[in-house]
**Student:** 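This structure is in structure tokens; I'll ask about it shortly.
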Amino acid sequence: MKIAVYPGSFDPITNGHLDILKRALAVFDKVIVLVAYNKDKKCVFSVNERIEMIKDAVKELKNVEVDSTDGLTLAYAKKAKACCLVRGLRAVTDFEYEFKMAEANHYIDKSIEEVFFMSNSEYSFISSSMVNELHLSGVKIDSLVPASVIKAYKNK
Ligand code: ADP
């Protein structure tokens, strides 16, 4: 059974994240979407809000779990018996950051591979921070995020 962990801030989850998740599900038997948080990092949504939005967005998908950690993603992956970490690449700018992270992860534990999926051009401009900014400016973001995120903004 090939298990992958898809870690991120997911503040909030976007249709770009969901596209990467669906594609990872075609390759792995199970994907754990992992909200990796740091208590000192300011986020728009709480960890619980982020988890609830993700759970709602993936409710129709099979073989997905949603969890969170404030520790090392690799330690979580090892405990979950995952073989790989999944990450998405939107542009060259993502590559530099991801390349460094992958090297650091490899330094910590060589037994867990990182697998990268290229963003679909339709979603390549979407990021959580972009979505938050657009929402704050009153721009309609219905086609960029799942319905659970729109609901969560309304409840804020
Ligand atoms: P982090 O704070 O760890 O970068 P994010 O929640 O912003 O977490 O993103 C998690 C992962 O999803 C990253 O690998 C990021 O590059 C990828 N990702 C985010 N948005 C998109 C998108 N629109 N298309 C493809 N990959 C994406």
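Both ligands and their constituent atoms are indexed starting at 1 by order of listing.
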**Student:** Show me the side-chain donor-acceptor pairs of residues 55-63 shorter than 3.5 Å, one per line, residues at least two apart or across chains.
**Tutor:**
unit_1, atom_1, unit_2, atom_2, d
D56, OD1, K59, NZ, 3.4

**Student:** Do the rings of F99 and F95 sit parallel, tilted or perpendicular, given the 30° and 60° boundaries?
**Tutor:**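 F99 vs F95 ring planes: parallel.
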**Student:** Do the side chain of D29 and the main chain of K2 share a donor and acceptor less than 3.5 angstrom apart?
**Tutor:**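 Pair found, side chain donor or acceptor close to backbone of K2.
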**Student:** Judged by atom type as modelled, is there a donor-acceptor pair below 3.5 Å linking the side chain of D94 to the main-chain atoms of R90?
**Tutor:**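 Indeed, once roles are kept as given, a pair shorter than 3.5 Å links the two residues.
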**Student:** Taking NZ, NE, NH1 and NH2 as the nitrogens, is one of them in E114 or R87 under 4.0 Å from a carboxylate oxygen of the other?
**Tutor:**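 Looking at R87 together with E114, the answer is no, because their closest N to O distance does not fall below 4.0 Å.
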**Student:** I'd like a table of the close N/O pairs between ligand 1 and the protein (anything under 3.5 Å), one pair per line with both atom names and the distance.
**Tutor:**
unit_1, atom_1, unit_2, atom_2, d
ligand 1, 2 (O), S9, OG, 2.6
ligand 1, 3 (O), R87, NH1, 3.2
ligand 1, 3 (O), R87, NH2, 3.3
ligand 1, 4 (O), R87, NH2, 3.4
ligand 1, 6 (O), S9, N, 3.1
ligand 1, 6 (O), F10, N, 2.9
ligand 1, 6 (O), H17, NE2, 3.2
ligand 1, 8 (O), S9, N, 3.0
ligand 1, 9 (O), H17, NE2, 3.3
ligand 1, 12 (O), Y6, OH, 2.8
ligand 1, 14 (O), R87, NE, 3.1
ligand 1, 14 (O), G88, N, 3.0
ligand 1, 14 (O), G88, O, 3.3
ligand 1, 14 (O), E98, OE2, 3.3
ligand 1, 16 (O), G88, O, 2.6
ligand 1, 16 (O), R90, NH2, 3.4
ligand 1, 20 (N), R90, NH1, 3.3
ligand 1, 23 (N), Y123, O, 2.9
ligand 1, 23 (N), I126, O, 2.9
ligand 1, 24 (N), S119, OG, 3.1

**Student:** Find the distance between SG (C43) and OH (Y37) and round it off to the nearest 0.5 Å.
**Tutor:**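 Here the rounded value is 11.5 Å.
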